[in-house]
Amino acid sequence: PPQTPVRTVMNTIQQLIMILNTASDQPSETLITYFNNCTVNPKENILKRVQDIGCIFKEKFAQAVGQGCAEIGSQRFRLGVRLYYRVMESMLKSEEERLAIQNFSKLLNDNTFHKSLLACALEVVMATYSRTTSQHLDPGTDLSFPWILNVLNLKAFDFYKVIESFIKVETNLTREMIKHLERCEHRIMESLAWVSDSPLFDLIKQSKAREAAANLHESTCT
Amino acid sequence: EVLEYQFGLEEEGIRDLFDCD
């Protein structure tokens, strides 16, 4: 059948539901094994973080769309958490294959990594459903990107870091959703990463310092 | 027609991006 805008949206939702229908709201046995392999087990912090962010997300969602729609916020969050655990597992498998290690203690205890990954999963869910609701809401009820960054108090540059890996390991994302994440990437590169408190500036400073040290070393050798 | 998503050329993984040596 011809691919109408409505058909495209329905396909994207169906695809998301198909991916997440059988997924769990809790970490899988495989993820638990990764957690147990860590020098410091991150499990309790991960569960608590998900719970805390869930409370904030549901509150902000209800504030934006009205208390009558609070249950929809809970459903969106539940889907986001399923996708978060699913992608985390795929990322760890991919990294295990690449690096031949099973201990990801530092990564799995990194708060920014988890917030970024959960934000990306939630953004996929929110973007999937956003086209089925009104597109002409006032700014106070606009839940499209970068709304999720404000909810999770996350820097755009940190969110940017997970996008490519997310697309790489979640092979069931629709073309529409990949395009959406790519648009988020572009917005971050073009403007959101360049705000005054962005971590990008620290990285540029570090990079310059390394370059200066290397130049000094080179001239000393000469 | 939008171009396909361009993955980075370097073999970089999520661990590298969060500075975990």
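Given the structure is predicted, the values throughout are model-derived calculations rather than measurements. Residue numbers start from 1 in every chain, and the chains themselves are labelled A, B, ... in the order their sequence lines are given, proteins ahead of strands. Keep in mind that the numbers below use all heavy atoms, side chains included, and drop hydrogens, waters and symmetry copies.
The stretch residues 42-49 of chain A places none of its residues near chain B, where near means some heavy atom under 4.5 Å from a heavy atom of that chain. Contact residues of residues 95-105 of chain A toward chain B are A:Glu95, A:Arg98, A:Leu99, A:Ile101, A:Phe104 (heavy-atom distance under 4.5 Å).
Remark: A:Lys179 does not engage A:Glu182 in a salt bridge, criterion side-chain N to carboxylate O under 4.0 Å.
Contact of the A:Ser116 side chain with the B:Phe18 side chain is registered, since non-hydrogen atoms from C-beta on lie closer than 4.5 Å. For the pair A:Met88 and A:His114, the minimum side-chain heavy-atom distance is below 4.5 Å.
Aromatic ring orientation, B:Tyr5 versus B:Phe7: perpendicular (interplanar angle above 60°, classes split at 30° and 60°).
A cation-pi contact, defined as under 6.0 Å to the ring centre and within 45° of the axis, links A:Arg76 to A:Tyr129.
Counting non-hydrogen atoms of neighbouring residues, nucleotides and ligands closer than 6.0 angstrom, the NZ atom of A:Lys168 exceeds 12 such neighbours. Residue-environment remark: CG (A:Asn153) stays at or below the threshold of 12 foreign heavy atoms within 6.0 Å.
Of all the heavy atoms in A:Gly80 and A:Leu118, the pair that sits closest is O-CD1, 4.3 Å.
Rounded to the nearest 0.5 angstrom, A:Phe159 CZ and A:Leu154 CG are separated by 7.5 Å.
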